[in-house]
There are 2 protein chains.
Amino acid sequence: MDFNTEMKERVTYIDEVIERYLPKEEGFEKTLLSAMNYSMLAGGKRIRPMLMLETYRLFGGEEENEIAPFLAAMEMIHTYSLVHDDLPAMDNDDYRRGRLTTHKVYGEAMGILAGDALLNYSFEVAARAFTGTIDIFRVARAFTVLTQKPGIRGMIGGQAVDVENCDQPIDKDKLDFIYQLKTGALIECSMMIGAILAGAEESKVDEIGEVGKKIGLAFQIQDDILDVIGKEQVIGKPINSDEKNHKTTYVTLFGLEEAKEMVKVLSLDALNMLENFPRKNKFMEEMVQYLIFRDK
Amino acid sequence: MDFNTEMKERVTYIDEVIERYLPKEEGFEKTLLSAMNYSMLAGGKRIRPMLMLETYRLFGGEEENEIAPFLAAMEMIHTYSLVHDDLPAMDNDDYRRGRLTTHKVYGEAMGILAGDALLNYSFEVAARAFTGTIDIFRVARAFTVLTQKPGIRGMIGGQAVDVENCDQPIDKDKLDFIYQLKTGALIECSMMIGAILAGAEESKVDEIGEVGKKIGLAFQIQDDILDVIGKEQVIGKPINSDEKNHKTTYVTLFGLEEAKEMVKVLSLDALNMLENFPRKNKFMEEMVQYLIFRDK
């Protein structure tokens, strides 16, 4: 099977897992539940749960059904962050992936509540693993990581710094901070949890977390690159025009070529580190390359 | 020591516990952390952690320091709900407890993020109990309740139905649903967790949950009563004037006298149920009476 076919099949599997945990749209609170499901079913690459599952396999995990609550929880956390990110007080986006954003369909109040509900529900879903067959100490450790990485010293922290600095130039330190937390933390989180649930020892969990950080950073720099290349192709804007609205990116700081070089270095680092783990996971390696060198 | 003095001392203790878990305001994400702490330190009766602690004592719990993460987490969940409730798209309140609301001080985007951060951080803080001395199965059970009761079939569910129906008359079924979830669920949650962490058996946990529901409902009906009485005293509005803006309350549905009677019946029920537990907790009984029959 070629990579693209395999990728599609796995997205379908992750989608099935996610749907298993979505709330039934019934009861007085039906609108809230519909808004949650609307945002969860907007499509998406399902990168985070997929990386979690592949890392779990990389470390020899075999009870795939048992880690399902964490797969679904991870995507819920990612989705809540998008729902709140799109709100009028934040990025004020009307569309995401070609569909109206949640608050455009359900109203702003329900958009806020649907995001809150997804964040809360993600932990509720993950907590079901406490009554599964995976060792409870492992589940507790995975749970702890699930509460930390999306939090104040993780994703939300990065998001807050991004919001505060969106209208002014920033230096590399702050940009790295934003990228590593806003984008990197959930990828790091997914891979760490996959390793923990498979029973990896602590040093290996930390190592795979480092791999996740590199993938996350490379992924985000590639986003900067595609933003510039896409604009050039579509509306003929010159490279680095982002500087005009003070949005600092790796491309505005270092130029397109150096940014591309950084993506290469980071991804090679990540792949080399993956090579050092006892098992191989060929699909995962291909996936990392696909994520980093994607053209859209 | 009289009740009021004892109450003050205990609020001081709970405040100390909460402050122990607040994030240090440092790093690039300092503004976010300041906004969280601003909302947490706005004062408040600390009813939920206090009920949790007293229930823990009622069931003979003796490691008070070990349940501290859950006490702090409970108040964080309550506080995040207030921060989001005050947002322009929700109740649009500029003041709470005589201070500017979080989004008025830090801006709307930071208000949304601070609420998200508090909700996420509450679970992060509670997860610290996994590495404490309380039996891990108890902690996992308490954690599960902590993720359920504030969620879609609990507080957020009630909040969503309230938001959807704020401009139209509703019947008793829906009003009960809103009250039991929006207000009742966190009180129920607090008491259940106190019992679980003390090692209470499942049937007792359910029973104390029922007590919590009754206290929550009585508390909310008393709010309706005080709203009417307060308005009469302050601006001379006639009783039941809430009907004009279609805000349904127990007073608009049943009248003031019957609402008062309901509060009495619910609180007597709650106190009778408390009587049936093996241990006594005199302070807790006084506290329940104080909460329900308060005049402000």
Side-chain angles (χ1 to χ4, degrees), chain A residues 23 27-29 31-33 35-36 77 80-81 84 87-90 103 107-117 119-121 123-128 130-131 136-137 139-141 143-144 146-148 150-161 163-165 173-174 177-178 181, chain B residues 23 27-29 31-33 35-36 77 80-81 84 87-90 103 107-117 119-121 123-128 130-131 136-137 139-141 143-144 146-148 150-161 163-165 173-174 177-178 181:
Chain A
F28 286 131
E29 68 276 49
T31 311
L32 174 74
L33 309 174
M36 292 166 72
I77 291 176
Y80 112 79
S81 79
H84 279 186
L87 286 168
M90 308 278 279
H103 69 273
E108 202 178 331
M110 208 50 85
I112 294 169
L113 289 173
D116 293 348
L119 175 58
N120 190 125
Y121 192 55
F123 295 112
E124 183 175 342
V125 165
R128 297 189 197 166
F130 282 123
T131 48
I136 195 169
F137 289 94
V139 176
R141 229 171 114 212
F143 214 102
T144 301
L146 188 73
T147 62
Q148 287 169 345
I152 56 174
R153 303 298 182 184
M155 186 187 69
I156 303 177
Q159 173 73 346
V161 178
V163 163
E164 261 198 307
N165 292 279
D173 276 359
K174 206 178 254 188
F177 179 90
I178 294 171
L181 297 196
Chain B
F28 286 131
E29 67 276 50
T31 311
L32 174 74
L33 310 174
M36 292 166 72
I77 291 175
Y80 113 79
S81 78
H84 279 187
L87 286 168
M90 308 278 280
H103 70 273
E108 202 178 331
M110 209 50 84
I112 294 168
L113 289 172
D116 293 347
L119 174 57
N120 190 125
Y121 192 55
F123 295 113
E124 183 174 343
V125 164
R128 296 189 197 166
F130 282 122
T131 50
I136 194 168
F137 290 93
V139 176
R141 229 171 115 212
F143 215 102
T144 301
L146 188 73
T147 62
Q148 287 170 344
I152 56 174
R153 303 297 182 186
M155 186 187 69
I156 303 178
Q159 173 72 347
V161 179
V163 163
E164 262 198 305
N165 291 280
D173 276 358
K174 207 177 253 189
F177 180 89
I178 294 171
L181 296 196

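These numbers come from the heavy atoms of this one structure, side chains and all, not from hydrogens, waters or symmetry mates.
Only the side chain of F130(B) comes within contact range of chain A, with heavy atoms under 4.5 Å apart. Heavy atoms closer than 4.5 Å to chain B are found nowhere in I178(A), neither backbone nor side chain. Of the two parts of F123(A), the backbone and the side chain both hold a non-hydrogen atom closer than 4.5 Å to a non-hydrogen atom of chain B. With a 4.5 Å cut-off on non-hydrogen atoms, F137(A) touches chain B through its backbone and its side chain both. With a 4.5 angstrom heavy-atom cutoff, I77(A) does not touch chain B via any of its atoms. For M155(A), no part lies near chain B; criterion is any non-hydrogen pair under 4.5 Å.
With sequence neighbours left out, the salt bridge (Lys or Arg N to Asp or Glu O under 4.0 Å) criterion links R153(A) to E29(B). Remark: F177(A) engages F28(B) in a ring pair (Phe, Tyr, Trp, His ring centres under 6.0 Å) (not counting sequence neighbours).
Residue G115(A) comes nearest to H84(A) through the heavy atom pair CA-NE2, 3.4 Å, listed as atom of the first residue, atom of the second, then distance. Closest approach of I152(A) and P23(B) over heavy atoms only: CD1-CB, 3.6 Å.
Two residues are said to be in side-chain contact when any heavy atoms from C-beta on lie closer than 4.5 Å; M90(B) and Q159(B) meet this criterion. Residues V161(B) and L181(B) form no side-chain contact, since every pair of their non-hydrogen atoms from C-beta on lies 4.5 Å or further apart.
For the set V163(B), I112(B), L146(B), the entry with the most heavy-atom pairs within less than 4.5 Å of chain A is I112(B). No other option in D173(B), T147(B), I156(B) has as many heavy-atom pairs under 4.5 Å with chain A as T147(B). Residue with the most contacts toward chain A among A127(B), G157(B), A89(B), P88(B): A89(B) (heavy-atom pairs, distance under 4.5 Å). Counting heavy-atom pairs under 4.5 Å between each of T31(B), T131(B), L87(B), V125(B) and chain A puts T31(B) at the top.
Formation of a donor-acceptor pair under 3.5 Å by the D116(A) side chain with backbone atoms of D116(B) is not found in this model.
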